[in-house]
Asker: 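If you scroll down you'll find the structure; I have some questions about it.
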Amino acid sequence: MRKWLAALLALIVLVCAFVPSTSFTEDEQTVLLARAIYTMGHGESYATKLALATVVMNRVDDPWFADDLMGVLQEQQQFPIGTRYDAESLEAAHAVLSGQRALGENALYWQRTDALEPYDSQYRVGSSGSYNFYSQSGIF
C-alpha cells in the first residue's frame, strides 16, 4: 500500500513540475497576459516580449481602447491568446503590470517586420526582434 501511495505522490509531483498552470501566486490577469505574450513572442528576446506587453498596457491606459486587460486582449484580430506561457513571458507580464514599460505611452500598435503591407515608417516609434511598434502620430 505504501508503494502505491509513494508512486502516486511521485506522479503528482512530476505532473505539477512539467505542466504550466496558475499557481497560488499568479492571478488570472497575469497569466492571461503571459499567454498573449508567449503566443506572439515565443522565440523572441525578453526585450521584445516586454515591448509587446507594453503595447497591450498602453492600450489599457488609452481612452480609445477598452479600459481593462481582458477587453484589450479580446479585440478582434489584435492579440492572439494561446494556452501556454513560459517563465520569461510571465516575468514580462509581471513587469508591465507593475508599471515597467519598454516603449513610450504612444506605442499602441505592433506589426511583424516581415508584414506584406507595412505601416508607414514615419509612425514607427521602436523596433525589437521581429516586431516594429507604432503610434498614431509618430511621436514617441
Side-chain angles (χ1 to χ4, degrees):
M1 180 71 172
R2 288 185 184 185
K3 289 181 183 180
W4 284 102
L5 187 57
L8 180 61
L9 185 59
L11 180 63
I12 290 170
V13 169
L14 282 173
V15 167
C16 290
F18 290 106
V19 175
S21 64
T22 305
S23 70
F24 293 108
T25 60
E26 305 304 337
D27 64 315
E28 288 181 39
Q29 298 255 350
T30 305
V31 172
L32 181 66
L33 182 55
R35 287 173 37 209
I37 294 166
Y38 180 83
T39 301
M40 295 188 308
H42 182 64
E44 295 284 348
S45 68
Y46 176 76
T48 301
K49 290 176 181 179
L50 193 61
L52 289 165
T54 295
V55 170
V56 173
M57 294 311 295
N58 282 353
R59 286 188 180 195
V60 171
D61 295 339
D62 190 276
W64 290 101
F65 296 94
D67 40 339
D68 67 338
L69 182 63
M70 182 65 84
V72 167
L73 290 175
Q74 289 185 335
E75 290 178 14
Q76 289 188 345
Q77 300 180 356
Q78 294 299 308
F79 298 98
I81 304 170
T83 58
R84 301 182 66 187
Y85 62 94
D86 60 6
E88 199 170 65
S89 299
L90 193 61
E91 184 180 341
H94 276 291
V96 298
L97 289 170
S98 297
Q100 184 178 347
R101 299 293 187 264
L103 301 164
E105 64 185 26
N106 290 337
L108 298 171
Y109 306 97
W110 60 271
Q111 187 180 50
R112 289 194 50 89
T113 55
D114 60 357
L116 295 176
E117 296 181 30
Y119 293 151
D120 190 335
S121 63
Q122 79 180 39
Y123 298 113
R124 187 170 56 228
V125 295
S127 295
S128 184
S130 300
Y131 289 92
N132 289 321
F133 301 94
Y134 300 88
S135 73
Q136 286 183 321
S137 63
I139 298 171
F140 188 77

Asker: Taking all atoms of both residues into account, what is the closest heavy-atom pair of Ala36 and Ile81, and its distance?
Answerer: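 Distance-wise, the nearest heavy atoms are CB-CG1, 4.1 Å.
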
Asker: Are Val56 and Val96 side-chain neighbours, meaning at least one heavy-atom pair lies under 4.5 Å?
Answerer: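 Val56 vs Val96: side chains apart.
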
Asker: Can you name the nearest heavy-atom pair linking Ala95 to Leu50, along with the distance?
Answerer: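 Where Ala95 meets Leu50 most closely, the heavy atoms are CB-CD1, 3.8 Å.
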
Asker: Would you say Val55 and Phe79 make side-chain contact, with heavy atoms under 4.5 Å?
Answerer: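 Val55 vs Phe79: side chains touch.
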
Asker: Short question: side chain of Asp68, backbone of Gly71 - any donor-acceptor pair under 3.5 Å?
Answerer: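 Yes.
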
Asker: Do Phe133 and Leu52 have side chains that get closer than 4.5 Å, going by heavy atoms?
Answerer: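 Yes; the side chains approach each other to less than 4.5 Å.
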
Asker: So which atom in Ala92 and which in Ala53 form the shortest heavy-atom distance, rounded to 0.1 Å?
Answerer: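 For Ala92 and Ala53, the tightest heavy-atom pair comes out as O-CB, 4.5 Å.
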
Asker: To the nearest 0.5 Å, tell me how far Gln74 CD sits from Leu69 CG.
Answerer: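 Rounded to the nearest 0.5 Å, the CD-CG separation comes out at 9.5 Å.
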
Asker: For the atom pair OG (Ser135) and CD (Gln122), what is the distance rounded to the nearest 0.5 Å?
Answerer: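 The distance works out to 9.5 Å.
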
Asker: What is the minimum heavy-atom distance between Tyr119 and Tyr109, and which atoms define it?
Answerer: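 So the minimum-distance heavy-atom pair works out to CE1-CB, 4.2 Å.
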
Asker: Rounded at 0.5 Å granularity, tell me how far OG1 in Thr113 sits from CZ in Arg124.
Answerer: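 Rounded to the nearest 0.5 Å, the OG1-CZ separation comes out at 9.5 Å.
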
Asker: Examine distances only and state if a side-chain atom of Arg84 and a backbone atom of Arg35 form a donor-acceptor pair shorter than 3.5 Å.
Answerer: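 Checking the backbone N and O of Arg35 against the side chain of Arg84, no donor-acceptor pair under 3.5 Å is found.
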
Asker: Rounded to the nearest 0.5 Å, what's the gap from CG on Asp62 to CG on Leu108? Could you check?
Answerer: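 Spacing of CG (Asp62) from CG (Leu108) equals 5.0 Å.
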
Asker: Main chain of Met40, side chain of Tyr131: is a donor-acceptor contact present, judged purely on distance under 3.5 Å?
Answerer: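 Yes, Tyr131 side chain to Met40 backbone: donor-acceptor pair under 3.5 Å.
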
Asker: Hey, what do you get for CD (Glu44) to CD1 (Ile37), rounding to the nearest 0.5 Å?
Answerer: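 If I round to the nearest 0.5 Å, the distance is 12.5 Å.
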
Asker: What distance separates Leu97 CG from Asp27 CG, expressed to the nearest 0.5 Å?
Answerer: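 If we round to the nearest 0.5 Å, Leu97:CG and Asp27:CG are 7.5 Å apart.
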
Asker: Strictly by side-chain hydrogen bond (donor to acceptor under 3.5 Å, both in side chains), give each pair with a member in residues 45-59 just once, sequence neighbours left out.
Answerer: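 Sorted pair list: Ser45-Thr48, Thr48-Ser128, Lys49-Asp86, Lys49-Glu88, Arg59-Glu75, Arg59-Gln78.
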
Asker: Please find the pair of heavy atoms, one from Thr39 and one from Gly82, that lie closest to each other, and give the distance.
Answerer: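 Minimum heavy-atom separation between Thr39 and Gly82: OG1-N, 2.8 Å.
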
